Protein chains: 2
Amino acid sequence: MATAARSTKYRRQSDTDLSRMEIMEGAALCFEARGYSATSLDEVAARISSTKGRIYHHYGSKAELFLDVYRAGMMMNFQAIEPILERQMPAIERLKAVLKAHVLCVIRTKPFQNVVGQGVDMLRHGTMPANEHAELEQLAALRDAYSDHFRTVLEQAMADGDIAYANIKIALNSVFMCINGPIVWFTPRKGQDEREIEAVADECVLYAIRLLGYTGDMP
Amino acid sequence: MATAARSTKYRRQSDTDLSRMEIMEGAALCFEARGYSATSLDEVAARISSTKGRIYHHYGSKAELFLDVYRAGMMMNFQAIEPILERQMPAIERLKAVLKAHVLCVIRTKPFQNVVGQGVDMLRHGTMPANEHAELEQLAALRDAYSDHFRTVLEQAMADGDIAYANIKIALNSVFMCINGPIVWFTPRKGQDEREIEAVADECVLYAIRLLGYTGDMP
DNA sequence: TTGACAACATACTCGATAGTATGTTCAAGT
DNA sequence: ACTTGAACATACTATCGAGTATGTTGTCAA
């Protein structure tokens, strides 16, 4: 009985998560296309051939949905790079690998990453209603933690003498601008296979490490 | 009489331009802080201690005001770099100079540049009502022309063998991401003098040309 | 001085949309 | 069979903000 109840609960939970994910994907596309405040929940619902009722069944407000998309985007990023951080290799190699993993991730999850970006400067300028503001800051902390992973690898590679920068804040910001670039300028074309995407990513990574003073070649 | 009428007209025109500029500055700050669609014209009016009536006296719509800010931002950019393009010097030196002029310009006119950025991806995603859409495309062409100036210098420096890139579209995008970075991450601090700002600009330029494979030092 | 107009301010309208209240369906449990 | 509740859809309300209509003031020309 406990088992039955639990299995039921799990199945239900799974259904719920599936439904929420579908909503989030539609929301991410809409937010990317027109921005948070220009997007109506009716649009989001229409995109997934549904109605606003479904969204409000799963989310308490528009802001709550936005924050869930934000969180999902950050999770995708962490999952992309964390396995690499544990590898035993020279810092410069780990840096290359982590940068490439990040670029591939942002290309593949572009709408979500765009929402992350919107969330970042939403916090910076204090939009967002007061009640959700707490969670927004929590997500910003997540973003900082993510950024710190890169900062650490940068400092190690700098200590090894493989790269050189003046001000780490500016250097890190510039690197992020560079590897997040595809969020802005990349447009997937019809019939673009995995090879081409990887080539784009490689070029972005090359520019990012060159920016840091690296003069070697790419593997 | 004709002279008197013209002088009056000119003075009026000057007053009008002053008033419009004040409105534009308020609008740029608001658009930067909360985005185009989240910004109400009442907010813009309040920021300049005025009312919506004044704005609608000078502009036919919210979109029209936005486009005027966009255009003003682009003009600031052109004025910053055009004198440099005519200088006689090696392409790589002209590249450095033009990059620095751009960075200094975006730092000094940050709110306007932010609006330019919003305008760019407004076109990309087809927001903006149909009637103003024509002018938006006209402004996008301006933006392309601006970008072409950089592309040209890049190609010359490449021909001289001073820099090296694989795909010029990706390289150019990466350079712009880098030198436009301050629009996003730069926050002016109290008592920050011209020297510090120039140091930030120099570092951005350094990263931008390193990104292109330049291995020399900065002057 | 008076008429006219530019440059606003004030006071409205009206459509869009976030949020809510209520209705419907269907699957699972008893 | 009947109940219950999750997962929606439908129908409504309330607010906010773009745009408009009208009022006010100061200035210049005749």
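Nothing here was measured: the structure is a model prediction, and the numbers come from that model. Residue numbers start from 1 in every chain, and the chains themselves are labelled A, B, ... in the order their sequence lines are given, proteins ahead of strands.
Using modelled atom types, one finds no donor on one side chain facing an acceptor on the other under 3.5 Å when comparing B:E43 with B:T39. Side chains of A:Q156 and A:R94: a donor on one and an acceptor on the other come within 3.5 Å.
Cation-pi check for B:R71 over B:F66 is not met; the charged atom does not lie both under 6.0 angstrom from the ring centroid and within 45 degrees of its normal. For the pair A:R210 and A:Y165, the cation does not sit on the ring face, since its NZ or CZ is not both under 6.0 Å from the ring centre and inside 45° of the axis. Taking the centre and axis of the six-membered ring of A:F176, the NZ or CZ atom of A:R143 falls inside the cone set by 45° and 6.0 Å.
A salt bridge does not link B:E32 to A:R124: none of the charged nitrogens lies less than 4.0 Å from a carboxylate oxygen. Taking a cutoff of 4.0 Å between a charged side-chain nitrogen and a carboxylate oxygen, B:R151 and B:D148 qualify as a salt bridge.
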Which atoms of nucleotides 15-17 of chain C (N or O only) lie under 3.5 Å from a protein N or O atom, and what are those distances?
none

Can you check nucleotides 22-26 of chain C for protein contacts, nitrogen or oxygen pairs under 3.5 Å, and list what you find?
none

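The phosphate of C:dC8 (OP1 or OP2) has no side-chain N or O of B:H57 nearer than 4.0 angstrom. Contact annotation: B:T16 side-chain N/O to C:dA7 OP1/OP2 distance is under 4.0 Å. Residue A:H58 places no side-chain N or O under 4.0 Å from the OP1 or OP2 atom of D:dA6. Contact between the side-chain N/O atoms of B:S19 and the OP1/OP2 oxygens of C:dA7 is not found at any separation under 4.0 Å.
The side chain of B:R54 has C:dA9 as its nearest neighbour among C:dG19, D:dC8, C:dA9.
Checked against a 6.0 Å centroid threshold, the rings of B:H102 and B:Y146 count as neighbours.
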